[in-house]
Structure formats: C-alpha cells, structure tokens
There are 2 protein chains.
Amino acid sequence: MKLLDIGVLSKQCGVPPSTLRYYEEIGLIQSVARNGLRRQFDSPVVTQLALISLGKMAGFSLEEIKGMFAKDGTPQLPPAELHLRADALDEQIRGLTRLRDALRHVADCPAETHMDCPKFKRLIQFASRSTQSAMR
Amino acid sequence: MKLLDIGVLSKQCGVPPSTLRYYEEIGLIQSVARNGLRRQFDSPVVTQLALISLGKMAGFSLEEIKGMFAKDGTPQLPPAELHLRADALDEQIRGLTRLRDALRHVADCPAETHMDCPKFKRLIQFASRSTQSAMR
DNA sequence: CTGCCACTTGAAGTCAACTTGAGGTCAACC
DNA sequence: GGTTGACCTCAAGTTGACTTCAAGTGGCAG
C-alpha cells in the first residue's frame, strides 16, 4: 500500500495542502501515518476527495458531506436516505437545466426585451419554482 | 404599474427583507420608489429574484450574478459568453448526474465495500474529472 | 390624536471555508 | 556543515453572504 505525501496528493487532486490539513482537522479525511513530521495519506483518499468535490458542487456543506461518508469514504447512509439525496439532486439538475436553456435561449433570441419574452419568463418561473423547496 | 412593498415582495419570493435590503445595497436589485421610508419594488424584480436564486443554485457568486444582468434584470452578456456559461452548466449537470447515479447505485448495490466496486469508482472518477475544471 | 407595527438606517456580529503568517523541524543536496 | 525547500503547528485574518441590533420614522386603525 503506497502512501502519498501531502504535496503529491495536493497536486494529484488539485487541492491546496492548507485545505487538506483543514479537511483533516475537521475530520473529513484522515492521514494514516507520518514520515517524520509529514502526513502520509492512503491512496483511497483520492477517491474521497473526488466525492467531496462532487458534494461541494452539489451545494452540500462540509458538515453534510462528513455525515454522508464513513471515515473510509464509503457512503454511510441508509438506502432510503440516499434516494432522498438523489431525488434532491434530480430537482437541482432540473433547475440547472432550465437555467441553461434560458441562457441559450437568450443568446440566440433576437428580441432585446427578454424580460417580456414569454418563453424566457416561462423557463425562469418554472425553474425557480422547483428551486424554492430545494434551497438550503 | 403596481408597486410592491418590501414585505409583500419578501413573502412572495420567500426572501427575507434583510436580504432584499442587502441585495439592493450591493446593487443586485433596485427599488424604484419610497412610500414614506418604505422601499417600493417594481414587479419585474420578482423575475430577477428568480434568476438570482437560480444563479445561486448554479454556484455563481452574487458578484458574478450581478455581472450577468443589466439593472433591469435582462441578461447582459454577449451571446458567446452566454453559451460559455451554458457549457459550464452542462459540465456541472453532468457531474451532478453522475453523483446522483453513484448515490442510487450505492443505495441499491448490496456490496458493502463500495470503495472497491468498479462501477462506483468509475462514476466518481469520471464525475470529478469533469468537475476539476469547472470549480471556481 | 394616539398607538402600533412594519418599516428605516448604520454598525456590528456570525458562519463556513479557507488562507496567511510566524516561528519551528527535518532530510537532502552542495 | 550550511542552506534550501517542503513540510509542521497554532493563531489570526479574510471573504461572501447574510443577520441582528439599537434607535428612529411614518402611515393608518381606532
């Protein structure tokens, strides 16, 4: 099992060392050993960091992310709970899709008064309706 | 043109008055008049707030959102730029979709060591690869 | 005309998620 | 053996997005 120095991990995952230390401090990841002073990380941490990055994209707080995974990085929620999170993601995806469509529509629609364009308004209203409940 | 009292707008959009005042302070929205001391908002602000809410969901900062729309709320970026934002959203949507799929997979997969499950790892690695560039 | 209550201001406080800085350690290359 | 460079700790600072607070104002119901 080869171990990763914090600098290597940092470069590999695109996360600054300071952030990795911070994540360890709050218990989001673990270093498994020290080489002298230096933290050594286990290679599965790479996957964990990928999950964390995804979780952040999805708008979860670090605390929430921490609650979702056991210390080895395996998702640690009952199946029903996982499906709920997945459902919430579906909502969010729908909202983002509409926002994307709205942006593309505006980019291509020659009208200059988008605020009055029924198509635009419909996209926005729909999108934000589903959003309201999903906001944390 | 009927005007909305800050309290009415707040209730209608689910945004606290303090936040509306804050948004006005940083120039994200405008009140068009006063009734005595009270701010009066124009009805298009409702749509603007919907856009802001969507922008936040998508992970844009208030500064970025402010840069995207003119003071009347109409998107104010050149078409090419809009398409770029839409592309970024597509990336993000792909990442969220994979995260969702990963969650659903974990919920239903009987294996207890998801970290080693090739399907799970593939979903995660893919997802975070596309994520890296999209992170702000 | 007297309360009341939803609003007003400006300043200060809060929270998450980091980053920065000062001062120290250690192994390795010149 | 000395300097460099990558790491260490702990505390303090920063940023974004608000919220809270104290003290004041204005319209309208009774």
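A, B, ... follow the sequence lines: proteins, then strands. Residue 1 opens every chain. Below, all heavy atoms of this structure are taken into account, side chains as well, without hydrogens, waters or symmetry copies.
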*Mind checking whether B/Val15 and B/Tyr22 have side chains closer than 4.5 Å, heavy atoms only?*
no

*NA contact type, B/Ser18, heavy-atom cut-off 4.0 Å: base, sugar-phosphate, or nothing?*
base

*Could you tell me the separation between the NZ atom of B/Lys56 and the P atom of D/dA17, rounded to a whole number of Å?*
8 Å

_Below 4.0 Å from chain A heavy atoms, what is the first contacting nucleotide of DNA chain C and what is the last?_
C/dA17 to C/dT25

*asked:* Once you apply a heavy-atom cut-off of 4.0 Å, does B/Ile6 come out as touching a base, just sugar-phosphate, or nothing?
replied: sugar-phosphate

*Which part of the nucleic acid, if any, lies within contact of A/Gly7, taking any heavy atom under 4.0 Å across all strands shown: a base, the sugar-phosphate backbone alone, or nothing?*
sugar-phosphate

*Are the side chain of A/Lys66 and the backbone of A/Ser61 linked by a donor-acceptor contact shorter than 3.5 Å?*
no

_Contact nearer the 5' end of DNA chain C, comparing A/Leu37 with A/Tyr23_ = A/Tyr23

_Integer-rounded Å distance: D/dC7 C1' and A/Leu9 CG_ = 14 Å

*asked:* Please compare B/Thr19 and B/Gly36 by the position of their nearest nucleotide in DNA chain D and report the one closer to 5'.
replied: B/Thr19

*Indicate whether OP1 or OP2 belonging to D/dT9 is found under 4.0 Å from a side-chain N or O atom of A/Arg39.*
yes

*Could you tell me the separation between the CZ atom of B/Phe60 and the C1' atom of D/dG16, rounded to a whole number of Å?*
17 Å

_Closest heavy-atom pair and its distance - B/Leu77, B/Leu82_ = O-CD1, 3.7 Å

_Integer-rounded Å distance: D/dC8 C1' and A/Arg21 CZ_ = 7 Å

_Separation of D/dG16 P from B/Glu64 CD (nearest whole Å)_ = 11 Å

*Evaluate the criterion side-chain contact (heavy atoms from CB on, under 4.5 Å) for residue pair B/Asp5 and B/Leu9; output intermediate values, then yes/no.*
CA-CA 6 Å; B/Asp5 195 275; B/Leu9 181 61; over 6 Å; no

*Rounded to whole angstroms, how far apart are CG on A/Asn35 and C1' on D/dC8?*
13 Å

*Rounded to the Å, how far apart are B/Asp5 CG and D/dC28 P?*
11 Å

*D/dC7 C1' sits how many Å from A/Gln40 CD, rounded?*
11 Å

_Could you check whether A/Arg21 pairs with A/Glu24 (Lys NZ or Arg NE/NH1/NH2 to Asp/Glu carboxylate O, under 4.0 Å)?_
no

*What residue pairs, at least two apart or across chains, pass side chain to side chain donor-acceptor pair (under 3.5 Å) with a residue in residues 77-88 of chain B?*
A/Arg104-B/His83, A/Arg104-B/Asp87, A/Asp108-B/His83, B/Glu81-B/Arg85

*Can you check whether B/Tyr22 has a side-chain N or O nearer than 4.0 Å to OP1 or OP2 of D/dG16?*
no

*Would you indicate whether A/Glu63, at its atom CD, is surrounded by more than 12 heavy atoms from other residues, nucleotides or ligands within a distance under 6.0 Å?*
no

